Amino acid sequence: MDKPVPPMLTPFRMRGLELANRIVVSAMATYSASDGLPNDFHLVHYGSRAMGGAGLVMTEMTCVSPEGRITPACTGLYTDGQKDAWRRITDFVHGQSGAKIGLQLGHSGSKGSTRIGWEGMDEPLPKGNWPVMAASDVAWSPANQVPTAMTRADMDRVLDEFVSATRRAITAGFDLIELHAAHGYLLSGFITPVQNRRTDEYGGSLDNRLRFPLEVFTAMRAAWPADKPMSVRISAHDWVGEAGITPDDAVLVAKAFTDAGADLIDVSAGQTTTQAKPVYGRMFQTPFADLIRNELGIATMAVGNIYEVDHVNSILASGRADLCALARPHLADPNWTQNAAAELG
């Protein structure tokens with residue numbers, strides 16, 4: 001008698017995209033680009049993990065403008081040269097594996113113009129800093145520069161940059177786009193009250209704080225092919241009690257993006273304030289993906305300290321999420337999915 005297929009190895013469909021399995025290589029900042037250009041490092045990094053059996057490989061947060069980069073070594077998609085460099089990678093993934101590849105697009109906001117991770121996380125550059133902007137003039141930390149509060153003209157320009165990057169992503173060959181609206185970067189900074197202190201129509205209530213992120217998403221959705229899916233990464237908990245985003249708020253945030261056309265909510269948490277007091281543990285963010293999925297009946301991706309085959313299969317079998325994104329296991333072993341499949345017989 002045939003053994004049943006483990007949940008992690010079952011296919012998953014969003015619009016016209018079918019993933020061979022439920023394993024996602026999570027977006028990971030690698031700080032290895034020059035002038036926003038992906039290079040041989042990225043070809044090997046993404047290509048090897050695609051060949052390792054994952055259903056979907058996500059890029060690191062790729063920035064929509066030079067000043068939207070977190071660090072000078074972050075990837076971008078604001079020039080045709082970058083588009084062509086990404087096309088080389090997507091062609092390899094599609095030609096040499098059964099994986100699909102998704103692009104995570106974002107803008108750094110108040111967390112921009114900082115050093116690469118191993119030289120000092122979120123610390124300003126020792127020289128060559130560029131000006132940063134955000135929802136409000138709230139510095140990420142006392143060591144970081146105070147951002148300029150965005151005007152409507154700034155919003156229009158950034159929205160156009162997201163749309164331009166989305167259009168380049170079509171010819172770059174990506175299968176899915178994810179809007180990064182988490183972790184305290186620009187759009188997350190609008191959503192969370194710990195960063196957004198505005199008193200106009202873009203501040204105050206959650207509906208107002210969501211206004212600009214939804215404008216960006218809606219414009220991207222209109223530019224992206226109708227048969228290709230879009231996801232949104234959110235921070236489902238600010239870890240500062242009632243003063244910040246709570247899981248109940250996250251359900252409303254997820255519903256707003258879903259109503260605007262999102263096919264998947266990538267449910268992360270935190271990194272929106274230095275005052276956060278997260279509670280870590282294995283699968284520690286999965287309850288938020290579970291809450292959103294089962295409150296709203298929408299597809300979610302669980303991420304965060306998921307590192308064993310049993311973690312993944314238990315999350316999927318119990319209906320807590322539809323996909324599981326793993327970062328560190330794929331850094332340690334690009335063939336994690338194939339080895340897990342072998343382990344499962």
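Since we're looking at a predicted model, the values are computed, not measured.
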State, yes or no, whether a side-chain contact exists between [X] and [Y] at a heavy-atom distance under 4.5 Å.
| X | Y | value |
| --- | --- | --- |
| Glu215 | Tyr202 | yes |
| Val64 | Thr166 | no |
| Trp130 | Leu125 | yes |
| Val158 | Phe212 | yes |
| His330 | Ile23 | yes |
| Pro38 | Ile89 | yes |
| Gln285 | Val267 | no |
| His107 | Val216 | no |

Hey, does the side chain of [X] reach the backbone of [Y] with a donor-acceptor pair shorter than 3.5 angstrom?
| X | Y | value |
| --- | --- | --- |
| Ser108 | Gly68 | yes |
| Asp154 | Thr151 | yes |
| Arg22 | Pro11 | yes |
| Asn305 | Gly281 | yes |
| Asn144 | Ala139 | no |
| Thr62 | Glu60 | yes |
| Asn313 | Asp310 | no |
| Thr258 | Ala254 | yes |
| Asn294 | Gly319 | yes |
| Arg221 | Pro225 | yes |

Which pair of heavy atoms, one from [X] and one from [Y], lies closest together, and at what distance?
| X | Y | value |
| --- | --- | --- |
| Ala260 | Leu214 | CB-CD2, 4.2 Å |
| Ala269 | Phe288 | CB-CE1, 3.9 Å |
| Ala54 | Ala99 | O-CB, 3.3 Å |
| Trp118 | Thr30 | CH2-O, 3.6 Å |
| Ala226 | Arg15 | O-NH1, 3.0 Å |
| Ile245 | Arg209 | CD1-NH2, 3.8 Å |

One pair to check against side chain to side chain contact (heavy atoms under 4.5 Å, CB included): Thr246 and Asp249. What are the steps and the verdict? CA-CA 5 Å; Thr246 66; Asp249 294 324; 3.2 Å; yes

Please check if atom [atom1] in [X] has more than 12 non-hydrogen atoms from other residues, nucleotides or ligands closer than 6.0 Å.
| X | atom1 | answer |
| --- | --- | --- |
| Lys228 | NZ | yes |
| Gln275 | CD | no |
| Arg152 | CZ | yes |

If we count only N and O atoms by modelled type, under 3.5 Å, do the side chains of Asp175 and His94 hold a donor and an acceptor together?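 His94 and Asp175 do have a side-chain donor-acceptor pair below 3.5 Å.
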
With rounding to the nearest 0.5 angstrom, report the [atom1] to [atom2] distance, [X] to [Y].
| X | Y | atom1 | atom2 | answer |
| --- | --- | --- | --- | --- |
| Trp336 | Arg49 | CH2 | CZ | 14.0 Å |
| Met301 | Ile306 | CE | CD1 | 9.5 Å |
| Met121 | Lys111 | CE | NZ | 9.0 Å |
| Phe217 | Asp259 | CZ | CG | 10.5 Å |
| Leu296 | Leu252 | CG | CG | 8.0 Å |
| Thr218 | Phe257 | OG1 | CZ | 8.5 Å |

For a side chain to side chain contact (heavy atoms under 4.5 Å, CB included) with [X], tell me which candidate from [options] qualifies.
| X | options | result |
| --- | --- | --- |
| Cys324 | Leu316, Val24, Thr286, Asn21 | Leu316 |
| Leu105 | His180, Met220, Met61, Glu178 | Met220 |
| Leu103 | Leu77, Leu176, Thr75 | Leu77 |

When the side chains of residues 181-193 are checked against the rest of the protein, which donor-acceptor pairs come out under 3.5 Å, sequence neighbours left out?
{"unit_1": "His183", "atom_1": "NE2", "unit_2": "Ser268", "atom_2": "OG", "d": "2.8"}
{"unit_1": "Ser188", "atom_1": "OG", "unit_2": "Gly184", "atom_2": "N", "d": "2.9"}
{"unit_1": "Thr192", "atom_1": "OG1", "unit_2": "Val194", "atom_2": "N", "d": "3.2"}
{"unit_1": "Thr192", "atom_1": "OG1", "unit_2": "Asp238", "atom_2": "OD2", "d": "2.5"}

Residues two or more places apart in sequence or in another chain: which of them pass side-chain contact (heavy atoms from CB on, under 4.5 Å) with Thr71?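 Checked Thr71 against side-chain contact (heavy atoms from CB on, under 4.5 Å); matches are Tyr31, Ala73, Cys74, Thr114, Ile116.
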
Say whether [X] and [Y] are linked into one hydrophobic cluster, either directly or through other cluster members, by side-chain heavy-atom distances under 4.5 angstrom.
| X | Y | result |
| --- | --- | --- |
| Ile70 | Met28 | no |
| Met58 | Ile170 | no |
| Trp140 | Val138 | no |
| Leu210 | Met150 | yes |
| Val309 | Leu56 | no |

Should Arg13 and Asp322 be marked as a salt bridge (Lys or Arg N to Asp or Glu O under 4.0 Å) after you check the CA-CA gap, both sets of side-chain angles, and the distance that decides it? CA-CA 10 Å; Arg13 190 171 189 86; Asp322 299 274; over 6 Å; no

Do the charged groups of [X] and [Y] touch, with an N to O distance under 4.0 Å?
| X | Y | result |
| --- | --- | --- |
| Asp207 | Arg211 | no |
| Asp84 | Arg87 | no |
| Arg69 | Asp35 | no |

Run the numbers on Arg233 and Ser26 for side chain to side chain contact (heavy atoms under 4.5 Å, CB included), then give the verdict. CA-CA 11 Å; Arg233 171 166 272 202; Ser26 193; 3.6 Å; yes

The test is side-chain hydrogen bond (donor to acceptor under 3.5 Å, both in side chains); show your working for Asp266 and Ser231 and say whether it passes. CA-CA 7 Å; Asp266 174 3; Ser231 60; 5.9 Å; no

By salt bridge (charged side-chain N to carboxylate O under 4.0 Å, His left out) - contacts of Glu123 (at least two apart):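 By the salt bridge (charged side-chain N to carboxylate O under 4.0 Å, His left out) rule, Glu123 matches Arg115.
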
Aromatic ring pairing Tyr307/His311, orientation class (parallel under 30°, perpendicular over 60°, tilted between):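 Perpendicular, since the angle between the ring planes exceeds 60°.
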
